[in-house]
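Written out below as structure tokens is the structure these notes cover.
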Protein chains: 2
Amino acid sequence: MGFSKKQLFNSTQNQVANYTKVLGHPARVAMIQHISEHKNCNCNELVKSTGLSQPTISQHLVEIRKIGLLKQKVKGKNLFYTIDSDQLNECRRVVNDFFVKTQVNCSK
Amino acid sequence: MGFSKKQLFNSTQNQVANYTKVLGHPARVAMIQHISEHKNCNCNELVKSTGLSQPTISQHLVEIRKIGLLKQKVKGKNLFYTIDSDQLNECRRVVNDFFVKTQVNCSK
DNA sequence: TTGTGATATTGCAATATCACAATGATAAAA
DNA sequence: TTTTATCATTGTGATATTGCAATATCACAA
């Protein structure tokens, strides 16, 4: 069929999947790293640092934005991105929670 | 183009992406949870607990196996699955490392 | 040897993802 | 005003993923 049967799974499972899905592409991992390392970097900088085209970067930014990890500030014709630290933490908490609970179950 | 330009990214970035990609589907999250909660569960049990078909479960198991999270024991005509606790830990370490480093960069 | 049950594999349709060219929108600079 | 720079959006082609029916395989039981 090609679509994912999300309704079969609970909200926590879907949340873990939603967050990790965004990290499931090296370009997005690299982009998040780059933004966190270079405060207020713009789109062009990401294009240069990754070697991907501007539309591709823009698309990946949409995905990262979907899970709330991206903050942006307009300055003239520039858009400066930063990582939303709180949401990154929330994301980390959800994913880590999954790992911890699974690990605990394993060692029972 | 449709293919992922993995060669543009470093091995850590690819590793984070590889691991999280597997978790990027609620069925696999649910399956990993179920296996960890029910020691030595078999394929049929996963079919029942998820509501997906046997071939679909089998395919997802292939993906989970790819990142080394699955151990299996043959008992007659049954195959009993468990989660490889060490690899789960490694996986957690890699992903958490990414989160921690990013978080640290954010608060500089 | 002939089922039977458990799992894997194959083949296919539907959909999603990835990447980019072309185009659009906007704001500063010339 | 025209040009230029930056970024978003749209459209499209290529590839990957998801899900399942059908079939294959394999181990045991009768």
Side-chain angles (χ1 to χ4, degrees), chain A residues 1-9 13-14 17-31 34-35 38 40-67 70-82, chain B residues 1-9 13-14 17-31 34-35 38 40-67 70-82:
Chain A
M1 310 243 164
F3 52 85
S4 139
K5 295 191 147 185
K6 291 191 178 171
Q7 75 284 359
L8 290 176
F9 309 102
Q13 290 159 346
N14 276 304
N18 269 340
Y19 286 157
T20 52
K21 199 176 174 182
V22 173
L23 302 181
H25 193 292
R28 289 190 290 262
V29 172
M31 287 167 67
H34 188 93
I35 297 173
H38 303 81
N40 292 322
C41 85
N42 63 6
C43 178
N44 235 326
E45 207 178 306
L46 293 170
V47 170
K48 279 174 203 156
S49 83
T50 59
L52 292 169
S53 75
Q54 179 267 319
T56 302
I57 293 297
S58 207
Q59 277 303 325
H60 282 308
L61 285 172
V62 168
E63 298 304 311
I64 299 173
R65 202 175 287 125
K66 269 186 192 166
I67 58 166
L70 211 58
K71 285 197 290 193
Q72 48 196 60
K73 258 183 287 182
V74 190
K75 257 188 195 166
K77 55 187 170 185
N78 279 281
L79 242 180
F80 292 110
Y81 302 106
T82 46
Chain B
M1 311 248 160
F3 52 86
S4 139
K5 296 191 148 185
K6 290 192 178 171
Q7 77 283 359
L8 290 176
F9 309 101
Q13 289 160 348
N14 277 304
N18 270 339
Y19 286 157
T20 51
K21 199 176 173 183
V22 172
L23 301 182
H25 193 292
R28 291 191 287 263
V29 171
M31 288 167 66
H34 189 93
I35 297 173
H38 303 81
N40 293 322
C41 86
N42 63 6
C43 177
N44 235 326
E45 207 178 305
L46 292 170
V47 171
K48 279 175 203 155
S49 83
T50 58
L52 293 169
S53 76
Q54 181 267 320
T56 301
I57 293 297
S58 206
Q59 276 303 327
H60 282 308
L61 285 172
V62 168
E63 297 304 311
I64 298 173
R65 203 176 285 125
K66 269 186 192 164
I67 58 165
L70 213 57
K71 285 197 290 195
Q72 47 196 61
K73 260 183 285 183
V74 189
K75 257 186 195 166
K77 54 186 169 185
N78 278 282
L79 242 181
F80 293 110
Y81 302 107
T82 46

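This structure is a prediction, so every number in the text was calculated from the model and none was measured. Below, read A as the first sequence line, B as the second, and so on, with proteins coming before strands; counting in each chain starts at 1. Side-chain atoms are counted along with the backbone in the values below, which use heavy atoms only and exclude waters and symmetry mates.
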Would one find a side-chain N or O of [X] under 4.0 angstrom from OP1 or OP2 of [N]?
X: B:S53; N: D:dG19; answer: no
X: B:R28; N: D:dG19; answer: no
X: A:Y81; N: D:dT6; answer: no
X: A:H60; N: C:dA19; answer: yes
X: A:K6; N: D:dT18; answer: no
X: B:S58; N: C:dA8; answer: yes

Note: for A:K77 and A:P55 on DNA chain C, the residue whose nearest nucleotide lies more 5' is A:P55
The residue, A:H25 or B:L61, whose nearest nucleotide of DNA chain C is more 5′ is B:L61
Look at the side chain of [X] and decide which nucleotide, out of [options], has an atom nearest to it.
X: B:N78; options: D:dA8, C:dA6, C:dC20; value: C:dA6
X: A:R65; options: C:dT7, D:dG19, D:dA8; value: D:dA8
X: B:N42; options: C:dA6, C:dC20, D:dC7; value: C:dA6
X: B:L79; options: D:dC7, C:dA19, C:dA8; value: C:dA8
X: B:N44; options: C:dT7, C:dC20, C:dT15; value: C:dT7
X: B:K21; options: C:dA8, D:dT9, D:dT17; value: D:dT17

Taking [atom1] from [X] and [atom2] from [N], how many angstroms apart are they, rounded to a whole number?
X: A:N40; N: D:dC7; atom1: CG; atom2: C1'; value: 16 Å
X: A:L52; N: C:dT17; atom1: CG; atom2: P; value: 17 Å
X: B:L46; N: D:dG19; atom1: CG; atom2: P; value: 14 Å
X: A:Q54; N: D:dT10; atom1: CD; atom2: P; value: 14 Å
X: A:I57; N: D:dA8; atom1: CD1; atom2: P; value: 11 Å
X: B:K48; N: C:dG5; atom1: NZ; atom2: P; value: 12 Å
X: B:E63; N: D:dT17; atom1: CD; atom2: P; value: 7 Å
X: A:K5; N: C:dA16; atom1: NZ; atom2: C1'; value: 17 Å

Compare all side-chain heavy atoms of [X] with those of [Y] and state whether any distance is below 4.5 angstrom.
X: B:T20; Y: A:V29; value: no
X: A:K48; Y: A:E45; value: no
X: B:Y81; Y: B:H34; value: no

Using the side chain to side chain contact (heavy atoms under 4.5 Å, CB included) definition, which of the options A:T56, A:L52, A:T50 pairs with B:K5? A:L52
In terms of the nearest nucleotide of DNA chain D, which residue is placed more toward the 5' end: A:Q72 or B:G51? A:Q72
Want to settle it: does B:K75 or A:F80 sit nearer the 5' end of DNA chain D, counting the closest nucleotide to each? A:F80
Interatomic spacing from CG in B:N18 to NZ in B:K6 - rounded to 0.5 Å: 5.0 Å
With rounding to the nearest 0.5 Å, note down the distance linking CD in A:Q13 to CG in A:L8. 10.0 Å
My understanding is that a pair needs two contacts under 3.5 Å, Watson-Crick or G-U wobble. By that rule, which nucleotide pairs with D:dA27? C:dT4
Would the base of C:dA8 count as contacting B:Q59 through its side chain, where contact means a donor and an acceptor less than 3.5 Å apart? no
Mind checking if A:S4 touches a base, just sugar-phosphate, or nothing, with heavy atoms under 4.0 Å? sugar-phosphate
Between A:F9 and B:H25, how do the two ring planes meet: parallel, tilted or perpendicular, split at 30° and 60°? perpendicular
